J.: 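Take a look at the following structure, please.
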Amino acid sequence: MAYSEQLAETMRADLGIEPGLSEKKMFGGLCFLLNGNMVCGVLKDGAMFRVGKEREAAALELGAEPLSFTGRKMGGMVEIDDGAFTDDTLRRALVELSLFNAASLPPKG
């Protein structure tokens, strides 16, 4: 599965310049990491966010859906489709929740 470079560019702009931010191809898409911890990623038809279990309910209330690659929900992870991705307010709120989550985790070597 290829990811959309246009979605990736939008996500890069949302993330801004954050010390410790990196990119890695994984899950068939492009993931953004903070100090080695996943923040979010873009796929062929949308985006996923690692908001953490503590913020998952808030992300779902904003309009995200539970992330499920295999039909099984992945706790602390949510996704939006490419239609919801165009909602700047939603997408940026999910990025903020995800950055907060990643910053709360110990750095990975």
Side-chain angles (χ1 to χ4, degrees):
M1 174 190 323
Y3 63 90
S4 163
E5 188 57 40
Q6 182 178 1
L7 297 183
E9 283 301 318
T10 301
M11 193 72 80
R12 287 181 187 109
D14 288 347
L15 288 163
I17 309 240
E18 192 75 39
L21 195 63
S22 61
E23 298 179 11
K24 184 175 185 179
K25 290 183 180 179
M26 52 196 295
F27 301 118
L30 181 67
C31 288
F32 299 90
L33 303 105
L34 181 64
N35 300 319
N37 292 296
M38 185 182 154
V39 175
C40 55
V42 292
L43 304 168
K44 174 177 71 169
D45 53 2
M48 60 184 170
F49 301 85
R50 184 179 180 197
V51 295
K53 291 182 180 178
E54 301 84 6
R55 288 161 291 285
E56 185 175 0
L60 295 174
E61 283 183 30
L62 289 170
E65 298 291 327
L67 179 64
S68 171
F69 278 132
T70 63
R72 228 176 132 184
K73 184 179 150 233
M74 297 177 70
M77 302 278 293
V78 297
E79 66 182 334
I80 55 175
D81 63 20
D82 55 354
F85 191 88
T86 62
D87 182 337
D88 293 341
T89 303
L90 169 62
R91 190 186 63 252
R92 289 176 183 148
L94 294 172
V95 166
E96 287 301 315
L97 290 171
S98 299
L99 280 170
F100 181 84
N101 180 66
S104 72
L105 301 171
K108 291 186 177 179

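As the structure is a computational prediction, the values presented were derived from the model and not from experiment.
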J.: Using the rule that Ile, Leu, Val, Met, Phe, Trp and Tyr join whenever any side-chain heavy atoms are under 4.5 Å apart, tell me whether Leu97 and Leu33 fall into a single cluster.
T.: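 Not linked; separate clusters.
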
J.: Out of Asp14, Val39, Val78, Leu34, which residue meets the side-chain contact (heavy atoms from CB on, under 4.5 Å) rule with Ser98?
T.: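 Only one option passes, and that is Val39.
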
J.: Which value, rounded to the nearest 0.5 Å, describes the distance between Arg92 atom CZ and Leu15 atom CG?
T.: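 These two atoms lie 11.5 Å from each other.
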
J.: Cut-off 3.5 Å, no hydrogens considered: what does the side-chain donor-acceptor table look like for residues 18-26, sequence neighbours left out?
T.:
| residue | atom | partner | partner atom | Å |
| --- | --- | --- | --- | --- |
| Glu23 | OE1 | Arg12 | NH2 | 3.0 |
| Glu23 | OE2 | Arg12 | NE | 2.6 |

J.: Can I get a per-line list of side-chain donor-acceptor pairs under 3.5 Å for residues 47-60, giving both atom names and the distance, sequence neighbours left out?
T.:
| residue | atom | partner | partner atom | Å |
| --- | --- | --- | --- | --- |
| Arg55 | NE | Val51 | O | 2.8 |
| Arg55 | NH2 | Val51 | O | 3.4 |
| Arg55 | NH2 | Asn101 | OD1 | 2.7 |
| Glu56 | OE1 | Gly76 | N | 3.0 |
| Glu56 | OE2 | Lys73 | NZ | 3.3 |

J.: Tell me whether Met38 shares a hydrophobic cluster with Leu43, the cluster being built from Ile, Leu, Val, Met, Phe, Trp, Tyr side chains joined at under 4.5 Å.
T.: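 As far as the 4.5 Å side-chain criterion goes, Leu43 and Met38 are connected within one cluster.
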
J.: Look up atom CD in Glu9 and atom OG in Ser4, then write down how far apart they are to the nearest 0.5 Å.
T.: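 Reported to 0.5 Å precision, the distance equals 9.5 Å.
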
J.: Roughly how far apart are Leu7 CG and Thr86 OG1, rounded to 0.5 Å?
T.: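 Answer for the CG-OG1 pair, Leu7 versus Thr86, is 10.0 Å.
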
J.: Just how far is it from atom CG of Leu94 to atom OG1 of Thr89, taken to the nearest 0.5 Å?
T.: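 The CG atom of Leu94 sits 11.0 Å away from the OG1 atom of Thr89.
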
J.: Taking Asn37 for its side chain and Pro106 for its backbone only, find out whether a donor-acceptor pair lies under 3.5 Å.
T.: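 Indeed, once roles are kept as given, a pair shorter than 3.5 Å links the two residues.
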
J.: Taking all atoms of both residues into account, what is the closest heavy-atom pair of Ala93 and Leu62, and its distance?
T.: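 Closest approach of Ala93 to Leu62, heavy atoms only: CB-CD1, 3.8 Å.
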
J.: Looking at SG of Cys40 and CD of Glu79, how far apart are the two atoms once the value is rounded to the nearest 0.5 Å?
T.: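 Reported value, rounded in 0.5 Å steps: 13.5 Å.
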
J.: How long is the straight-line distance from OH of Tyr3 back to CG of Asp45, given to the nearest 0.5 Å?
T.: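 Going from CG on Asp45 over to OH on Tyr3, the span is 15.0 Å.
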
